[in-house]
Asks: 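There's a structure below that I have some questions on.
In this text, all values refer to a predicted model and were calculated from it rather than measured experimentally. The figures that follow rest on heavy atoms only: side chains count, while hydrogens, waters and symmetry mates do not.
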Amino acid sequence: MLHNATVPLSVDFDTAGDFFIFIFHILFATSAVLVAGSVVIGISSTRSLRRQNRFIFMLNTSISDTLTGFSVYYLGLFDVQEGYPSRNGTYYILPSFLGVNVLTFLFAQFDRYFAVCHPFFYNRYVARSVVIGICAFCWIYTYTILIVQNMVPISKAAQINAFGVMTLQIIVFVKVLMTIQLYIIARNHLGREPPSAERDNKKESLRIIVFVVICFLALWCPSFVNIIVRQLTRGGLRFRNEATNLFAIMARLNALVTPALYVWGSPALRGAVWSTVWRRICPCRRRPRYQIERDPPSVDKENKKESLRIIILVVLIFLLLWGPSFVNLCLRLLMRRGLTFRNEATNPFAILARLNAVSTSLVYLWGSQGLREASVRRVWACLKWKKRLKV
């Protein structure tokens, strides 16, 4: 095995899979640093964005994502195993960046809820200083718990870690409920407001936070479930190191997916990132506008935008959920390595792939107002009518 100083590299370079894993981590770390770092610079350099609370939360998570990208240069390239006992570990300092994002997303969801449903209370009490203090609390709380955990004996540290996992279970449950609530608000509450710039900003912020949280949970929950299973049943899956831990890799992918969704969902942020970062790096002429944006306003234009939005999201979610199973199948067929499970019911990769049966239909309903109205009129209205007949 190759060595760098005293810490060996994460793979032996005996097979093609070892080269693939090593190159993947280099490319992923670089991409995460570039994309998340661009968001940090774009928000920090644009005063109009810094004055909005939702962009402060984006800035906080993007800082964490940038640091996560840098951490992959160590966790992904060297033989590191976090845990009890650890091997060349960082005392959970680097993996805890994801913990900061978990808390930040939770507070961002509550922020959007009060901004839309209780605007008078929000405008009076939730100032920018309050949001900055909340973001600072996410960092202080996460690393205060970590400092205490590293200073006590291993037996106590394990108990604190178990308490942290239980707390995360509650947070994840609340995040799921808040995601559903924000989706309902975006479809019902804002639909009754008259068209305005403020209404469009609210819809944009709700759309971004809902999709970011859904992607975050989809990528992070397999690792979270595996940790719970290992702590409660002594079962679960164990990997050689952090570089070959498929669940940890999926969780760290949020460092790239989250800022990419920010840029995709916010035209203001996209313009700021382009003007402050990439236009200076790439001095090429920017195309004047996209094809559909050049079309005059019409029903046909809106239908085209709707169909493109639906197919892009469906394909992205499909690849996110199906990719791990595909990679594992390739590893098993080509290199006879990969992961083997007892049956289909205990195969988390197959379970993720089958989740497309639910997520695809939900995206169709979310993206198409005509389909949503038809479903309510043809299906749910009939069920409600039958229920009244029985009564």
Asks: Between R87 and D79, is there a side-chain N and carboxylate O pair less than 4.0 Å apart?
Replies: yes
Asks: Hydrophobic cluster membership, with links at side-chain heavy-atom distances under 4.5 Å among I/L/V/M/F/W/Y: are V72 and F19 in one?
Replies: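 Yes, same cluster.
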Asks: I'd like to know whether the aromatic ring centres of F55 and Y262 sit less than 6.0 Å apart in this structure.
Replies: no
Asks: What class does the angle between the rings of F349 and F247 fall in, given that below 30° is parallel, 30 to 60° is tilted and above 60° is perpendicular?
Replies: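 F349 vs F247 ring planes: tilted.
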Asks: Just checking, any donor-acceptor pair under 3.5 angstrom between side chains of Y122 and N53?
Replies: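 Y122 vs N53: donor-acceptor pair found between side chains.
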Asks: Minimum heavy-atom separation for C138 and N60, please, with both atom names.
Replies: CB-ND2, 4.5 Å
Asks: Would you mind reporting whether Q109 and T179 have side-chain heavy atoms less than 4.5 Å apart?
Replies: yes
Asks: Which ILVMFWY residues can you reach from V225 by hopping between side chains whose heavy atoms are under 4.5 Å apart?
Replies: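 Members besides V225, by chain and number: V229.
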Asks: Evaluate the side-chain proximity of T244 to I21: yes if any heavy-atom separation is below 4.5 Å, no if none is.
Replies: yes
Asks: Are Y113 and H118 close enough that their ring centres sit under 6.0 Å apart?
Replies: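 Yes.
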Asks: Can you tell me how far the CG atom of L371 sits from the OH atom of Y364, to the nearest 0.5 Å?
Replies: 10.0 Å
Asks: Check this for me: does any side-chain nitrogen of one of R354 and E344 sit under 4.0 Å from a carboxylate oxygen of the other?
Replies: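 A salt bridge links R354 with E344.
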Asks: Do we see a donor-acceptor contact under 3.5 Å between the side chains of T61 and N101?
Replies: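 There is no such pair (donor and acceptor under 3.5 Å, judged by atom type) between the side chains of T61 and N101.
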Asks: side-chain contact (heavy atoms from CB on, under 4.5 Å), that's the test. Do T30 and Y73 meet it? Break it down for me.
Replies: CA-CA 9 Å; T30 304; Y73 285 116; 2.7 Å; yes
Asks: Is Y125 linked to F110 within one hydrophobic cluster, defined over Ile, Leu, Val, Met, Phe, Trp and Tyr using a side-chain heavy-atom separation of less than 4.5 Å?
Replies: yes
Asks: Once you round to the nearest 0.5 Å, how far does SG of C221 lie from NZ of K175?
Replies: 9.5 Å
Asks: Please identify each residue that fulfils side chain to side chain contact (heavy atoms under 4.5 Å, CB included) with I134, with sequence neighbours left out.
Replies: F57, F107, V130
Asks: Could you work out, with side chain to side chain contact (heavy atoms under 4.5 Å, CB included) as the rule, every residue matching A374, not counting sequence neighbours?
Replies: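 Partners of A374 by the side chain to side chain contact (heavy atoms under 4.5 Å, CB included) criterion, ordered by chain and then number, come out as R377.
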Asks: Does the side chain of T346 pick up a donor-acceptor pair with the side chain of N343 at under 3.5 Å?
Replies: yes
Asks: Regarding N241 and S10, do their side chains bring together a donor and an acceptor under 3.5 Å, going by distance alone?
Replies: no
Asks: Can you list every side-chain hydrogen bond (donor to acceptor under 3.5 Å, both in side chains) pair that touches residues 38-50, not counting sequence neighbours?
Replies: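 Pairs touching residues 38-50 that pass the test: S38-W278.
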Asks: Start with the C-alpha gap between H25 and R252, add the side-chain angles, then the distance that decides, and say whether side-chain contact (heavy atoms from CB on, under 4.5 Å) holds.
Replies: CA-CA 10 Å; H25 284 298; R252 288 193 292 265; 4.0 Å; yes
Asks: Can you list the residues that meet the side chain to side chain contact (heavy atoms under 4.5 Å, CB included) rule with L316, with sequence neighbours excluded?
Replies: I312
Asks: For side-chain contact (heavy atoms from CB on, under 4.5 Å), just list the numbers for F97 and L94, CA-CA rounded to whole Å, side-chain angles, deciding distance to a tenth of an Å, and then say yes or no.
Replies: CA-CA 6 Å; F97 293 138; L94 300 184; 3.9 Å; yes
Asks: Run the numbers on Y143 and I93 for side-chain contact (heavy atoms from CB on, under 4.5 Å), then give the verdict.
Replies: CA-CA 8 Å; Y143 283 95; I93 294 175; 4.1 Å; yes
Asks: Which residues pass the side chain to side chain donor-acceptor pair (under 3.5 Å) test with S266, sequence neighbours left out?
Replies: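 Only E204 meet the side chain to side chain donor-acceptor pair (under 3.5 Å) criterion with S266.
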